[in-house]
There are 2 protein chains.
Amino acid sequence: MEHRIEKIKKQLHSQSYKLTPQREATVRVLLENEEDHLSAEDVYLLVKEKAPEIGLATVYRTLELLSELKVVDKINFGDGVSRYDLRKEGAEHFHHHLVCIECGSVKEIEEDLLLDVEKIVESQWGFEVKDHRLTFHGICRVCQKQAVAASSAKENKE
Amino acid sequence: MEHRIEKIKKQLHSQSYKLTPQREATVRVLLENEEDHLSAEDVYLLVKEKAPEIGLATVYRTLELLSELKVVDKINFGDGVSRYDLRKEGAEHFHHHLVCIECGSVKEIEEDLLLDVEKIVESQWGFEVKDHRLTFHGICRVCQKQAVAASSAKENKE
DNA sequence: TCTATTAACGATAATCATTATTATTTAGTA
DNA sequence: TACTAAATAATAATGATTATCGTTAATAGA
């Protein structure tokens, strides 16, 4: 964890930004909740637990800054809120998401599945790909099992 | 065009919705601007040209309805506005987008490039894919050429 | 060390897209 | 023709995000 904070600190310094206590607190919250997809409000509330004097605007400013530096990715699942996701160490690309339309869960895929597709896009459309966003909507493993269980229960009943 | 409106009318009727004049005007605007990625506000202004009495809320409601019926897809390019895109006839999936980070242009790709990737997701993550959203960010053909032209001009100057 | 300069901050007002409300209109039907 | 429910227009309300502005903290030079 400290190692990653050091790294982010260097990234900030390289663009002559500072890692202020507020920014550090925000980054720590992101690191501690890496699995989640926090909204700015979520981050604000979590940071407030440790540093109650922080302002919401600062959280927004920090997230925006981290987003520009590609430390976090700003994503939007269509619910009207932006969510912020730490980019994994060394990852060049945005990771992919699996959004379950039943339970709303979001799972991440680290593997880059788009290398071949990007080659096609570059050769066929002459488009130089810099980054991508890929989200699948569907039914997660858990909900599939529940659906099966529910339908067999119904059969027994009938 | 009339053919496609008829089809949408049937889709509405099948769920016992009506194709009111306001809804029809909205659909026509979408059909006439199929290449663009209009925001609700954009649609509203265009519809207003033909049917000035329409209200913004009605446009929102109509777009939401068409979105539920999968007639249009609601997309978000991260600029804080939802955009609405007619789904092509017979298309089962959302089409892909190429967003240029230089000039902001958005190009569509009709071909489904994700069939293989979806198979991997289904087999490896047990996730039943229903739909997808794929956007590439990068530099379009035009901007690439301009960059080349600009750098060679610079060389000549030096 | 002291002061000037600037970045960063907190509080809060402003903005803007979207949604909710409500009274009215329309279409279909008995 | 009158009844009922859906759909609408106008507008108020909401909620996320951004801008403003006075204050604070960090840094650099005298």
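So you know, we letter chains A, B, ... as the sequences are listed, proteins then strands, and number each from 1. Basis for what follows: all heavy atoms, side chains included, without hydrogens, waters or symmetry-related copies.
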Testing dA16(D), dA9(D), dA6(D) for proximity to the side chain of Y60(A), the answer is dA16(D)
Rounded to whole Å, the CG-P distance (L65(A) to dT18(D)) equals 13 Å
Q | D73(B)-H95(B) side chain donor-acceptor pair, cut-off 3.5 Å | A | no
When we call it a touch if two heavy atoms are under 4.0 Å apart, what does E41(A) touch: a base, just sugar-phosphate, or nothing? nothing
From NZ of K74(B) across to P of dT18(C) the rounded distance in Å is 7 Å
Ranking Y84(B) and K18(B) by the position along DNA chain C of their nearest nucleotide, the one closer to 5' is Y84(B)
R83(B) CZ to dC16(C) P, in whole Å, measures 15 Å
Assess, by modelled atom type and distance only, whether the side chains of E108(A) and H96(A) contain a donor and an acceptor separated by less than 3.5 Å. no
Rounded to whole Å, the CD-P distance (E53(A) to dT12(C)) equals 15 Å
_Over all strands shown, is R23(B) touching base, sugar-phosphate only, or nothing at heavy-atom distances under 4.0 angstrom?_
sugar-phosphate
To the nearest angstrom, the CD-P distance between Q15(A) and dA7(C) comes to 15 Å
Against the side chain of S82(A), the closest entry in dC9(C), dT18(C), dT17(D) is dT17(D)
- Does OP1 or OP2 of dA8(C) have a side-chain N or O of T20(A) closer than 4.0 Å? no
So CD of E24(B) and OG1 of T62(B): to nearest 0.5 Å the spacing works out to 12.0 Å
L63(A) CG to dT18(D) C1', in whole Å, measures 14 Å
- Task: For the pair E34(A) and R4(A), find out whether any cationic side-chain nitrogen is under 4.0 Å from an anionic carboxylate oxygen.
- Result: yes
Checking dT18(C), dA16(D), dA6(D) against the side chain of V81(A) (C-beta onward), the nearest is dA16(D)
Got a salt bridge between E122(A) and R141(B), using NZ or NE/NH1/NH2 to carboxylate O under 4.0 Å? no
Taken to the nearest whole Å, CD/E24(A) to C1'/dC9(C) is 16 Å
DNA chain D nearest-nucleotide lookup for A57(B) and R61(A): closer to the 5′ end is A57(B)
(request) Look at the side-chain N and O atoms of T58(A) and state whether any lies under 4.0 Å from the OP1 or OP2 oxygen of dC9(C). (result) no
note: Q22(A), atom CD; dA11(C), atom P; distance rounded to Å ~ 11 Å
